[in-house]
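Report on the following structure.
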Amino acid sequence: MSHFTDLAHQYIDGEWKPGSGSWDIIDFNPYTGEKLASITVATADEVDRAYRAAERAQAVWAETNPYTRRLVFERALRIVEDREEEIAETIVAELGGTRLKAAFELHLAKEFLREAIQLALRPEGRILPSPVDGKENRVYRVPVGVVGVISPFNFPFLLSIKSVAPALALGNAVVLKPHQNTPICGGTLVAKVLEEAGLPAGLLNVVVTDIAEIGDALLTHPVPKVISFTGSDKVGRHVATVCAQNFKHAVLELGGNSALIVLDDADVDYAVDAAVFSRFVHQGQVCMAANRILVDRTLEEEFTEKFVAKVKTLRVGDPADPATHIGPLINSQQAESVSSLVDQTVAAGATALLHGTVDGNLVSPSVLTGLAADAPVLSQEIFGPVALIVPFDGEEEAVRIANDTPYGLSGAVHTGDVERGVRVAKRIHTGMIHINDGTVHDEPIVPFGGEKHSGIGRLNGDAMVDVFTTQKWISIQHGRSRFPF
């Protein structure tokens, strides 16, 4: 199944075919530069075919017993377990994920498949009282119909499954567009697993394409009712606008600029470990990454010394080598932009305790300190291995600095007093925040999502039922109504 060429097709209405566009998306290994596959892009016409196939298949699927629907996800879980090594190798090759990162992504993907099995049986109807005598009010939970899913390049297998499996389990059909840098892990591999698990044709369609080819066709098409998008806030703003204009519900999981706060009573060694992982996992290409590390001034010297020492031990190199901590960034544009951001920040007066170098798409870690309070780098998301250490005086200032960003996705507070940590956490404007832990967490039944520019809506658990089903009121008048005329 790791044969890239076998999966280098569009998957529409149960058929594997090349796209009919006039150009190809080339899938590269970001570490070796080797060409893994080329996929002829899907056109707007194929997007239409995918949505129409989904619409046809969904009507039957919605009527399928949820106990039967559930079996598909039980089989899908077994397939992922049986082929874990192969899928891990595909993640390493296509997105430059380290072995550790691939294992982390697969662990979560399996957890979300387990949750999808449960979700099939989760929707419940209600009977509500009425002020009208003899009236019975029923509220049904029904599938929304067809869902469009747009997934990113950093955790493509997980983040596609995370929306696709629950949407399908709840009786919907899906059209999935993976990121063009990860068309296999984020798209056709997911389709292959579900096809082998017995998902009926037409319920999941994968279109590998680009805005240059299809424009907004994925968003403006009349069939989908919900669009689940994971990506940058810039694109997210566009998705939200187009969805609103077309009366579609958008669920947006966007970027972050999370703060990991080290209070004056924290366990410094433990905070260092949490901060290094939270910043450098998957080369820092994580929306929940600890972009800013805020340290009480009384601990700044000790923390910084230990942090830099630990970062120096991280091995940068071949992601296929189990000893590697930091593999390549996804493409050369990302590598260049991260590198020039570090150079600009240093030129503007910051101190580089470590100044990363670039070798192909490999970017070694940078640790910057002495930043001006208004340094642009402090308010943006850095999708790369760059740590910013910012001292503060007391928790009031920590809260103010943590909130001084357009984002609000994750965060962490380190302290010897858990309840003090919770008091601080409550004051940070963020969707998720963790006491005495890292910033990078996702669990199947806990509401996942951000505030401010980090997104709209929540995924996981009951939130999946809210997003991928709708409520329908059916009333029954027992006896006769009286009409005024």
Side-chain angles (χ1 to χ4, degrees), residues 11-16 47-79 112-128 136-149 160-176 190-207 218 221-228 246-249 251 444 459-478:
Y11 181 66
I12 298 173
D13 207 4
E15 295 188 323
W16 296 91
V47 169
D48 175 62
R49 278 187 32 227
Y51 273 133
R52 296 297 171 195
E55 186 179 40
R56 285 192 304 275
Q58 192 269 331
V60 180
W61 185 240
E63 296 302 317
T64 302
N65 188 314
Y67 280 88
T68 305
R69 291 203 300 257
R70 194 168 84 146
L71 297 173
V72 171
F73 305 99
E74 290 181 2
R75 288 191 292 263
L77 175 62
R78 284 201 293 274
I79 291 166
F112 278 94
L113 282 169
R114 289 187 185 101
E115 173 61 8
I117 297 166
Q118 308 298 325
L119 274 171
L121 309 183
R122 191 77 56 83
E124 294 176 347
R126 292 190 299 162
I127 297 179
L128 298 178
E136 180 188 345
N137 284 322
R138 298 184 189 178
V139 181
Y140 289 81
R141 274 242 174 235
V142 295
V144 293
V146 176
V147 175
V149 176
S160 291
I161 280 176
K162 183 170 160 161
S163 282
V164 167
L168 290 168
L170 291 163
N172 302 287
V174 175
V175 173
L176 167 64
V190 175
K192 189 73 179 158
V193 167
L194 286 165
E195 181 185 60
E196 290 189 17
L199 184 73
L203 286 173
L204 173 60
N205 304 274
V206 176
V207 289
L218 262 167
H221 197 282
V223 164
K225 301 295 181 286
V226 173
I227 302 289
S228 176
N246 289 274
F247 298 99
K248 298 182 192 306
H249 182 60
V251 188
L459 291 177
N460 303 2
D462 292 339
M464 297 295 200
V465 180
D466 293 339
V467 169
F468 297 128
T469 66
T470 188
Q471 298 184 76
K472 184 168 188 171
W473 175 27
I474 298 181
S475 85
I476 301 150
Q477 184 61 50
H478 299 285

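Residue indices begin at 1 and follow the sequence shown. A quick note: this is a predicted structure, and the numbers were derived from the prediction, not measured.
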Main-chain N/O of Ile127 paired with Asn137 side-chain donor or acceptor, under 3.5 Å
no

Contacts of Arg75 that satisfy side-chain hydrogen bond (donor to acceptor under 3.5 Å, both in side chains) - sequence neighbours left out
none

Could you walk me through whether Ile161 and Val193 pass the side-chain contact (heavy atoms from CB on, under 4.5 Å) test, one step at a time?
CA-CA 10 Å; Ile161 280 176; Val193 167; over 6 Å; no

Taking only residues two or more places apart in sequence or in another chain, which ones pass side-chain contact (heavy atoms from CB on, under 4.5 Å) with Ala62?
Gln58, Pro143

Got a sec, which residues hit salt bridge (Lys or Arg N to Asp or Glu O under 4.0 Å) with Arg78, two or more places apart in sequence or on another chain?
none

Would you mind telling me which of Val147, Leu204, Leu199 makes a side-chain contact (heavy atoms from CB on, under 4.5 Å) with Val164?
Leu204

Tell me which pairs pass ring-ring contact (aromatic ring centres under 6.0 Å, His included) where either residue lies in residues 56-76, with sequence neighbours left out.
none

Going by side-chain contact (heavy atoms from CB on, under 4.5 Å), name the residues that satisfy it together with Arg56, two or more places apart in sequence or in a different chain.
Asp13, Arg52, Ala53

With sequence neighbours left out, what residues match Asn246 under side-chain hydrogen bond (donor to acceptor under 3.5 Å, both in side chains)?
none

So, using ring pair (Phe, Tyr, Trp, His ring centres under 6.0 Å) as the criterion, who are the partners of His249 when residues are at least two apart?
none

Any residue meeting side-chain hydrogen bond (donor to acceptor under 3.5 Å, both in side chains) with Glu115, in chain and number order, not counting sequence neighbours:
Arg122

For residues 140-149, which residue pairs qualify under side-chain hydrogen bond (donor to acceptor under 3.5 Å, both in side chains), counting only residues two or more places apart or in two chains?
Arg138-Tyr140, Arg141-Asp466, Arg141-Thr469

Side-chain donor/acceptor of Lys248 to backbone N/O of His221, under 3.5 Å
yes

I'd like to know if the side chain of Arg69 and the backbone of Ala169 have a donor-acceptor N/O pair within less than 3.5 Å.
yes

Any residue meeting salt bridge (Lys or Arg N to Asp or Glu O under 4.0 Å) with Arg49, in chain and number order, not counting sequence neighbours
none

Under 4.5 Å between any side-chain heavy atoms of Leu194 and Leu168, yes or no?
yes

Under 4.5 Å between any side-chain heavy atoms of Val47 and Val175, yes or no?
no

Partners of Phe112 by ring pair (Phe, Tyr, Trp, His ring centres under 6.0 Å), sequence neighbours excluded?
none

Looking at residues at least two apart in the chain, or sitting in another chain, which of them share a side-chain hydrogen bond (donor to acceptor under 3.5 Å, both in side chains) with Arg126?
none

